[in-house]
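A short write-up of the structure that comes next.
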Amino acid sequence: ISKKIELINTYSVSNVGDAAIYATLWKLLNDFGVSQVSAPNLSETEQGLKKYLGVHLDKHISTAGADFLAVGGDIFNNSRPAFVTKKFLKNLLQLSRKPKNTILFGQSIPRSCTGISFRLLCHQLKKITGVVVRDQESFYRLQKAGVDVKLSYDSVFAAPIEHKHLELVQSYFKGKLSEMALISLRSFDQLYPQDSQRFIDTLEKLINRFKKEGMRVGIILQSQVDDCDSDIAMIKELSSRTSVEIIDPFSIQRKLPHIAPWQIAQSIIAAAKIVVGVRYHTSIFRLIAGKMPFNLYYSNKGEDLCQRLGVPGCSVGDFSVERDFPTILETENQYFDSAVIAGQVTEDFTHSIQRLEKRNGY
């Protein structure tokens, strides 16, 4: 394989799930002897990348002779289904630069990518060297469209929790996490259509129900990218209605400077008593820790965790505190072995790299 890899279709390290993806792939690539990994499309400075990823990811190296790895999550969202947005075309253009030198690994094809945008995407995916997705719906859609695609799992399953980080975070919270019911959340929009106000009302009921059980309740901030992808507004509204602890890994990182925010979030989620995950990577982090979340999904990637892995949960729109609370309490004593999945992700990544090597004669 080339000693230079450029990560394309990147999003932002101010979303801890995406930061975890980039850091995981950086480490997997290093296992193949890749000496330079760049992400020039990330807006953060090089110093910020190191701070938020916990690894040294270059931003300004020359990518002459580089191979390209398409990463990220639902990166091919298209907010105008009857048309094609500029953002979508920009992401598509990155795939088209050097198809022979490009692989896509661990993405989902969001339901907003349909019609002409889906046809354009499939046309380009048929040209690149390898396509590996993380959920069944994306796999079946692409396979039906004639794309040579493989089904795997989210890249972050290959990032085991580091016990030294867990110990530091538990010490920071003085052991209080083991008494906490932890909730992640997100606001919704035309890309992920849900009734946000109804959801806030339901979360308020959930928080108060946890309190009746004598539990501490925390809400974890997992994204602060922009107005379209930030948990802050919803957290503020909930905290104005009912007392709840706001847990911000980005702020905690100032006190624990040797741990990246995504690693802090991973440790917090691992140590909590109970976890209700709306953010997709909340549930992933919990499963990596060997524990079971209650998974509230809003897209095909989250639904896939319930369908393929048997994770308890339901769609955001179907969630009922009265009906589902006993199931949530049961997750405290349920465990999950992610070792096989971690091995599968590593194997699938190795296969993708080998396809790249074979096609390019390395």
Side-chain angles (χ1 to χ4, degrees), residues 17 108 110-111 135-137 154 177-189 191-222 231 233-247 268-338:
S108 292
R111 290 166 181 165
D135 71 276
Q136 285 186 118
E137 183 177 307
D154 189 84
L177 290 172
S178 61
E179 308 165 4
M180 181 175 288
L182 187 70
I183 302 169
S184 71
L185 46 71
R186 67 160 299 144
S187 57
F188 299 104
D189 52 31
L191 295 178
Y192 301 113
Q194 298 287 341
D195 187 334
S196 291
Q197 196 57 52
R198 179 180 177 274
F199 181 54
I200 291 173
D201 293 340
T202 303
L203 285 185
E204 183 181 7
K205 290 179 185 177
L206 178 62
I207 291 166
N208 291 332
R209 187 67 184 273
F210 276 131
K211 288 180 179 179
K212 286 182 180 179
E213 296 289 326
M215 280 186 249
R216 306 170 68 96
V217 185
I219 299 181
I220 185 167
L221 171 70
Q222 285 192 220
D231 305 332
M234 189 174 281
I235 287 174
K236 285 182 177 178
E237 182 164 353
L238 265 176
S239 61
S240 70
R241 294 184 180 202
T242 181
S243 60
V244 65
E245 296 183 44
I246 300 171
I247 299 176
I268 290 168
I269 291 163
K273 180 183 181 73
I274 287 174
V275 169
V276 177
V278 177
R279 286 279 179 181
Y280 174 68
H281 281 96
T282 308
S283 293
I284 299 287
F285 288 152
R286 186 70 167 176
L287 294 169
I288 290 169
K291 301 177 182 180
M292 193 68 81
F294 186 84
N295 181 48
L296 283 177
Y297 58 81
Y298 54 88
S299 67
N300 45 304
K301 60 184 178 184
E303 185 175 5
D304 190 71
L305 296 179
C306 293
Q307 291 182 343
R308 269 206 296 166
L309 302 182
V311 175
C314 62
S315 70
V316 166
D318 291 337
F319 179 54
S320 164
V321 175
E322 292 77 13
R323 183 195 67 215
D324 297 318
F325 194 72
T327 304
I328 292 172
L329 292 182
E330 288 171 2
T331 61
E332 180 186 356
N333 299 311
Q334 294 175 339
Y335 301 96
F336 186 86
D337 186 355
S338 65

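Positions are given from 1, in the same order as the sequence printed here.
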Using a cut-off of 6.0 Å, state whether more than 12 heavy atoms not belonging to R308 lie near its atom CZ. yes

What pair of heavy atoms forms the shortest contact from A270 to A289, and how long is it? CB-CB, 3.5 Å

Counting distance only, does the side-chain N/O of K273 pair as donor-acceptor with the main-chain N or O of E332 below 3.5 Å? no

All heavy atoms of N295 vs all of C306, minimum pair found to be ND2-SG, 3.4 Å

With a 3.5 Å distance limit and no angle check, can you tell me whether T282 reaches the backbone of V278 through a side-chain donor-acceptor pair? no

Would S315 and D318 count as a side-chain hydrogen bond (donor to acceptor under 3.5 Å, both in side chains) if you check the C-alpha gap in whole Å, the side-chain angles of each, and the deciding distance to 0.1 Å? CA-CA 5 Å; S315 70; D318 291 337; 3.0 Å; yes

Please list every donor-acceptor pair under 3.5 Å in which a side-chain atom of residues 210-217 meets a protein atom from a residue at least two apart or in another chain.
| from | atom 1 | to | atom 2 | distance (Å) |
| --- | --- | --- | --- | --- |
| K211 | NZ | T242 | OG1 | 2.9 |
| K211 | NZ | S243 | O | 2.4 |
| K211 | NZ | S243 | OG | 2.7 |
| R216 | NE | E245 | OE2 | 3.1 |
| R216 | NH2 | E245 | OE1 | 3.3 |
| R216 | NH2 | E245 | OE2 | 2.7 |

Is a donor on one side and an acceptor on the other found under 3.5 Å between the side chain of D304 and the backbone of Q136? yes

D324 side chain vs F319 backbone, donor-acceptor pair below 3.5 Å: no

Check: S108 and N300 side chains under 4.5 Å, non-hydrogen atoms: yes

Would L203 and L206 satisfy side-chain contact (heavy atoms from CB on, under 4.5 Å), going step by step from the backbone distance to the final call? CA-CA 5 Å; L203 285 185; L206 178 62; 4.2 Å; yes

Tell me, please, which residues at least two apart from Y280 pass ring pair (Phe, Tyr, Trp, His ring centres under 6.0 Å). none

Can a donor-acceptor pair be found, under 3.5 Å and without considering hydrogens, that links the side chain of R286 to the backbone of I269? yes

Run E330 and M292 through side-chain contact (heavy atoms from CB on, under 4.5 Å) and show every step you take. CA-CA 9 Å; E330 288 171 2; M292 193 68 81; over 6 Å; no

Apply side-chain contact (heavy atoms from CB on, under 4.5 Å) to residues I219 and I207 and explain how you reach the verdict. CA-CA 10 Å; I219 299 181; I207 291 166; 4.1 Å; yes

So F294 and I274, side-chain contact (heavy atoms from CB on, under 4.5 Å) or not? Walk me through it. CA-CA 8 Å; F294 186 84; I274 287 174; over 6 Å; no

